[in-house]
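Scroll down for the structure; my scribbles are underneath it.
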Amino acid sequence: MTDTIFALSSGAPPAGIAILRISGPLAGTTLASLGGPLPQPRRASLRLLTDPDDGSPLDRALLLWLPGPNTATGEDLAELHCHGGRAIVRAVENVLGRIAGLRPAQAGEFTRRAFDNGRLDLNAVEGLADLLSAETEHQRRAALAMAEGHFSRRVDRWRDELLTLSAMVEAALDFSDEDDVPADDIEARIGHGISALASDVGAALAAPSAERLRDGVRVVLAGPPNAGKSTLLNALVGRDAAIVSDVAGTTRDRIEAPAAWGGTPFLLTDTAGLREEAGDAIEAIGIDRARAAVDAADILLWLGDPATPPRADAILVAAQCDRLPDDGRHDIRLSAVTGEGMDRLRAMLLERAAQLLPGEGDYALHMRQRTHGETIARHLASALSTTDMLIVAEELRGARGAIDRLTGRAGTEDMLDRLFGGFCIGK
Ligand SMILES: Nc1nc2c(c(=O)[nH]1)N(C=O)[C@@H](CNc1ccc(C(=O)N[C@@H](CCC(=O)O)C(=O)O)cc1)CN2
Ligand SMILES: Nc1nc2c(ncn2[C@@H]2O[C@H](COP(=O)(O)OP(=O)(O)OP(=O)(O)O)[C@@H](O)[C@H]2O)c(=O)[nH]1
C-alpha cells in the first residue's frame, strides 16, 4: 500500500496559522483519530484536536476532509489548520509520526503524487515551481498560465492529433496493398493534418523564453568612459550598485544589478567605457567583456556618439543633459542627476521589454520545453518532405516520443527526482 505522507505546508512557525497536510490512504482515519468523526467533504469544521494515545488536547483547529481522487494530489487528502505556534506544530507532527503507515513527506512529494496520478503533467509542475519562485507580476502571471495547464492542454491536443494521423497512415499503408483502391485522397488529408499540426507547434514555439522572464530582460549600458553609465545604472536601480567617479575608466568589469518596475524584471549591466587605447591590461579585458555584453543585450542603451552605435537597434541616449548640449540626434535626453527624462526612459524600456516577454495570460517556455518542441517540429517537417508512408509513420512515432518526453509521460527518473527535490517540503 502507498505510504500516507504528512508535512507542514504553510511557512515556518511561528505564524498566524499552520496548515498540515496528510495525503494517502490513511488520511481519513488519521483525521478522525485526531479530530473525531470526519467532517463533510470540502466543508471546514472547527474541532478540538486530541492525542489519540491519551486523549490530551493538542489545539483547536479547522479541519478539511478532501476525499480523492479529485484533490490536489489525486489521493485522499486531509488538512489541519492549526494555530501557528512552534510547539503546536511539533506536537501535531509528533502525533502523526507515531501513527503506523504515516511518515513525513519529502521535498516536493505532494506534487510528485499529483504528477504520478496524472493530475499535473511535467509542464504544469514546472509552472508550479516557477509560481513559487515568482517575484514580479510578470513572472507570476506567466507561471500561473503554465501551472493552470494552458500549455499542457495544447500539447495534449497535439498528441491526440498525432494518434489520429498515425491511424490514417496505417490505413493508407493498408490501401496501398490493394492496387485498385486509390490512396491519394487519404494521403492528401494526412498531409493537411501534419502541416496544420506543424504550424501550431511552430506558433507555440514562438512563446517568449522563461529564462529571460526569470533572470530579467538584459539591459546593457555602454559608451565611452565618463559618459555617465554608472550614474545612470545607479539611478535606475535606486542604489549605489556601481562606483561613480570622474576618473575615466572607473568601471572595469561588468556590474550586474537586478531591478523591476511596472512588474517587469530587468537585469541591468554597467560596462567598462569603450575606448581604443585601454589604460592597462585589466581595462582592456573589461572592454572585451563590455563588447560581449553589448552583443548579448536584449536592449542596448548607447551613451556614445549617436552616429556610431555598436548595434543598429540601440537606444541612443543623450546623458548628462543638465550640463552637456544635445544636438537632437538621440532617441532620448536625460540626466540621472536631475532626474529629467528618467520616467521616459523607464517607459521606453518597459515598451521594448513587453515585446520580449509573455503578454497577459500567456506562458513562457523553458529550454527543456523548447528543445522537445523543436524535436517535434523536426519530425513533422521530415514527415511533410516525403510521400513514402512508411517514413511518414516513422516520423510521426518520433514526434510522439518527443511529446511524451515533453509531458513527462516518458522521461528519466533522475530528471524527475531533481525537479521535485527542488520544491519545499510540504509542497
Ligand atoms: N489549504 C490549501 N490551500 C491551497 C492548496 C492546498 O492544498 N491546501 N493548494 C495546493 O496546491 C493550492 C490549490 N491547489 C489545488 C489544486 C487542485 C485541487 C483539486 O484537485 N481540486 C479538485 C476539487 C475542486 C473542488 O473542490 O471543486 C478538482 O479540481 O477536481 C485543489 C487545490 C493553493 N492553496
Ligand atoms: N551633472 C551631471 N553629472 C553627471 C551625470 N552623470 C554622470 N555625471 C558625472 O560624470 C562623471 C562620470 O560619471 P560615471 O557615471 O562614473 O561615468 P561612466 O560612464 O560610468 O564612466 P567609466 O566608469 O569611466 O566608464 C562623474 O563625475 C559623475 O558624477 C549627470 O547626469 N549630470
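Keep in mind that what you see is a predicted model, and the values were worked out from it rather than measured. We count ligands from 1, going down the list as the structure has it; atoms in each ligand are counted the same way.
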Under 3.5 Å: donor-acceptor pair, side chain of T29, backbone of L26: yes
Shortest protein heavy-atom distance from atom 24 (O) of ligand 2, along with the residue and atom involved: G249 N, 2.7 Å
D343 atom CG, over 12 foreign heavy atoms within 6.0 Å: no
Enumerated ligand 1 atoms positioned under 4.0 Å from heavy atoms of E79: 1 (N), 2 (C), 6 (C), 7 (O), 8 (N)
Heavy-atom protein contact below 4.0 Å for atom 5 (C) of ligand 1: no
Residue pair S152 / N123, side-chain donor-acceptor N/O under 3.5 Å: no
Backbone N/O of E135 and side chain of Q139: donor-acceptor pair under 3.5 Å: yes
L77 and ligand 1 - part of the residue with a heavy-atom distance under 4.0 Å: neither
Protein heavy atom under 4.0 Å of atom 14 (N) of ligand 1: no
Full working for salt bridge (charged side-chain N to carboxylate O under 4.0 Å, His left out) between R218 and E256: CA-CA 9 Å; R218 289 180 301 253; E256 298 196 331; over 6 Å; no
G273 neighbourhood, listing ligand 2 atoms whose heavy-atom distance to it stays under 4.0 Å: 25 (O)
Which of the ligand 2 atoms, numbered from 1, are nearer than 4.0 Å to a heavy atom of T231: 6 (N), 7 (C), 13 (O), 14 (P), 15 (O), 28 (C)
Heavy atom of protein closer than 4.0 angstrom to atom 11 (O) of ligand 1: yes
From the candidates N70, L131, L128, the one that places a heavy atom nearest atom 22 (C) of ligand 1: N70
Inter-residue atom distance L301.CG - R352.CZ, 0.5 Å rounding: 8.5 Å
Polar side-chain atom of R47 near backbone of P37 as donor-acceptor pair, under 3.5 Å: yes
For atom 4 (C) of ligand 2, closest protein heavy-atom neighbour: Q320 OE1, 3.5 Å
Side-chain H-bond candidate by donor/acceptor type, D322 with S335, under 3.5 Å: yes
Taking atom 7 (O) of ligand 1 as the reference point, the nearest protein heavy atom with its distance: R21 NH1, 2.6 Å
Numbered atoms of ligand 2 (with element) below 4.0 Å of S230, judged on heavy atoms: 15 (O), 18 (P), 20 (O)
Test of ring centre spacing under 6.0 Å for F115 and F420: yes
Within 45° cone of F6 ring axis and under 6.0 Å: R103 NZ or CZ: no
Nearest neighbour in protein (non-hydrogen) for atom 25 (C) of ligand 1: R42 NH1, 3.9 Å
A227 N/O under 3.5 Å from ligand 2 N/O: yes
Verdict with supporting geometry, R90 and E93, salt bridge (charged side-chain N to carboxylate O under 4.0 Å, His left out): CA-CA 5 Å; R90 203 181 310 124; E93 282 179 337; over 6 Å; no
Donor-acceptor under 3.5 Å (E109 side chain, Q106 main chain): yes
Sub-4.0 Å atoms of ligand 2 with respect to non-hydrogen atoms of V247: 24 (O)
Distance from atom 29 (O) of ligand 1 to nearest protein heavy atom, with residue and atom: R119 NH2, 3.7 Å
Distance-only polar pair, side chains of E126 and H366, donor-acceptor under 3.5 Å: no
Closest candidate by heavy atom, reference atom 1 (N) of ligand 2, pool L324, D322, D270: D322
Under 3.5 Å: N/O of G228 near N/O of ligand 2: yes
Closest protein heavy atom to atom 21 (O) of ligand 2, given as residue, atom name and distance to 0.1 Å: N226 N, 3.0 Å
Shortest protein contact, atom 16 (O) of ligand 2 (heavy atom only): S245 O, 3.2 Å
Nearest-option assignment for atom 25 (O) of ligand 2, heavy atoms, candidates K229, R275, R323: K229
Per-atom contacts of ligand 1 with K427, taking only distances under 4.0 Å to non-hydrogen atoms: 10 (C), 11 (O)
Nearest protein heavy atom under 4.0 Å from atom 27 (O) of ligand 1, yes or no: no
Min heavy-atom dist L232 to ligand 2 below 4.0 Å: no
Test item, A319 contacting ligand 2 (heavy atom, 4.0 angstrom): no
Distance from atom 30 (C) of ligand 2 to nearest protein heavy atom, with residue and atom: V337 CG2, 3.3 Å
Taking atom 28 (C) of ligand 2 as the reference point, the nearest protein heavy atom with its distance: V244 CG1, 3.6 Å
Passing option when P39 is tested against L46, L31, L64 for side chain to side chain contact (heavy atoms under 4.5 Å, CB included): L31
Under 4.0 Å to a heavy atom of P225 - the qualifying atoms of ligand 2, by number: 24 (O), 25 (O)
From OG1 (T407) to NE2 (H372), nearest 0.5 Å: 9.0 Å
Modelled atom types, side-chain donor and acceptor of H81 and E79, under 3.5 Å: yes
I243, CD1 atom: more than 12 neighbouring heavy atoms under 6.0 Å: no
Sub-4.0 Å protein heavy atom near atom 20 (O) of ligand 1: yes
Atom 17 (C) of ligand 1 [closest protein heavy-atom partner, distance rounded to 0.1 Å]: A72 CA, 3.6 Å
Ligand-residue contact atoms, ligand 2 with A336, heavy atoms, under 4.0 Å: 31 (O)
NE2 (H330) with more than 12 external heavy atoms under 6.0 Å: yes
Test item: protein heavy atom less than 4.0 Å from atom 33 (C) of ligand 1: no
